[in-house]
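Written below as structure tokens is the structure these notes are about.
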Amino acid sequence: MENLENLKSELLAEIAGVSDLKAWDECRVALIGKKGKITEQLKGLSALSLEQKIETGKKLNVLKSEIEAALAARKEVLEVEELNKKLMTETVDVTLPIRPEAQGRIHPVSKIYEEVVAIFGEMGFEVAEGPDIEDQFHNFNALNMPANHPARQMQDTFYIPNKNSDDFDDSYVVRTHTSPVQIRTMEAKRPPIRIIAPGRTYRSDYDATHTPMFHQVEGLVIDKNITMAHLKGCLYDFVKAFFELDEIPVRYRPSYFPFTEPSAEMDIGCLKTKTELKIGAGTDWLEILGCGMVHPSVLKAGGIDPDEYQGFAFGVGIDRLAMLKYGIPDLRTFFESDIRWLKHYGFTPLDFSSMTGGLSNNGGSAR
Ligand code: PHE
């Protein structure tokens with residue numbers, strides 16, 4: 001029988017030399033498996049005398065448990081090592097840029113839409129919608145523009161024939177403004193009403209600042225005791241938030257819309273030079289939106305008693321806001337689907353607009 005002390009250090013060295021779990025298992029079999037070294041030693045006992053059997057047997061059993069303990073300890077170390085190795089190779093570097101092919105951009109119109117919704121959402125407005133193809137009742141009549149009303153000519157309307165009627169008054173239109181959503185909202189819910197309605201609008205017009213399809217946001221507030229002061233406060237807060245300025249000069253010029261009385265156009269202060277337009281300072285004025293107190297006939301058409309409720313409304317051109325805020329000179333380029341244009345003027349999809357996190361994220365990521 002071999003010197004057990006030598007055997008012990010030999011086996012312990014073997015265990016210490018094992019470098020992964022697979023090798024560990026092979027080692028376990030080689031030491032304490034059925035044909036393992038210790039097992040062989042135990043088998044060898046039968047050749048010894050009874051006395052020697054007892055003595056060596058005891059020692060071998062002690063050795064066996066020491067080897068088992070060493071194996072178990074080694075296994076624990078290897079398991080931790082292996083787990084660490086796995087964690088290292090499977091780490092995700094969250095600071096890496098997103099996949100290079102993810103290069104989509106948010107169109108400035110969508111960006112402004114998000115900004116406007118964020119601002120009015122914070123003020124408690126809900127987003128309302130209406131169809132692009134409207135009947136004349138909602139686009140005109142209910143808005144205090146009966147057939148042959150001269151104001152209908154203010155808007156170069158695209159008409160769509162009505163298959164079921166030869167009467168021109170029954171033809172549809174692609175809405176010339178978002179104001180029909182005022183009527184649809186009044187038809188659908190009772191005051192208090194506080195909505196904005198962003199969407200597409202259409203007029204037969206085409207130059208650097210007009211395209212046949214464009215975008216507006218309508219605003220409508222109806223409640224008891226609503227006055228022009230509410231309108232002014234609300235729109236002042238809006239332009240400040242939108243242009244991300246603490247102060248901004250504003251003025252209201254008397255105007256005319258059939259569906260509001262009184263009506264006004266809101267201007268913001270700016271500085272116009274040959275090369276630059278600076279908003280929020282200077283002696284020039286820039287028209288920004290149309291607004292007014294909802295006309296009593298419009299409230300009636302929407303089924304609301306004008307003696308009980310009053311309201312204000314406004315309409316803003318989204319595309320125009322985008323041109324002003326992000327310095328885009330020609331509206332027609334918005335709809336040419338030129339990928340180079342979108343890369344230049346667009347916004348990365350992760351630049352969310354919010355009142356707390358920043359509206360435009362410092363003027364867009366693309367520039
Ligand atoms: N609908 C008007 C336009 O398109 C804008 C507007 C909306 C004016 C609401 C007053 C109130 O020019």
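Both ligands and their constituent atoms are indexed starting at 1 by order of listing.
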Numbered atoms of ligand 1 (with element) below 4.0 Å of Gln216, judged on heavy atoms: 3 (C), 4 (O)
Tell me, please: is Arg203 in heavy-atom contact with ligand 1, that is, under 4.0 Å? yes
Atoms of ligand 1 less than 4.0 Å from Ser179 heavy atoms? 1 (N), 7 (C)
Do you know the tightest heavy-atom contact between Asn162 and Asp170? ND2-O, 3.1 Å
Atom indices of ligand 1 within 4.0 angstrom of Phe259 heavy atoms, with elements: 1 (N), 2 (C), 6 (C), 7 (C), 8 (C), 9 (C), 10 (C), 11 (C)
Residues in salt bridge (Lys or Arg N to Asp or Glu O under 4.0 Å) with Lys232, at least two apart? none
Would Asp20 and Lys22 pass as an ion pair if we require N to O under 4.0 Å? no
If you measure from the Lys or Arg side-chain nitrogens to the Asp or Glu carboxylate oxygens, is any gap between Glu68 and Arg28 under 4.0 Å? no
With Ser179, the side-chain hydrogen bond (donor to acceptor under 3.5 Å, both in side chains) member among Gln216, His138, Glu134, Glu218: Glu218
Say whether Thr260, considering both its backbone and side-chain N or O atoms, lies within less than 3.5 Å of an N or O atom on ligand 1. no
Logged contact type for Ser263 with ligand 1, heavy-atom cut-off 4.0 Å, is neither
Find all atoms of ligand 1 within a distance of less than 4.0 Å from any non-hydrogen atom belonging to Phe314, and give their numbers and elements. 7 (C), 9 (C), 11 (C)
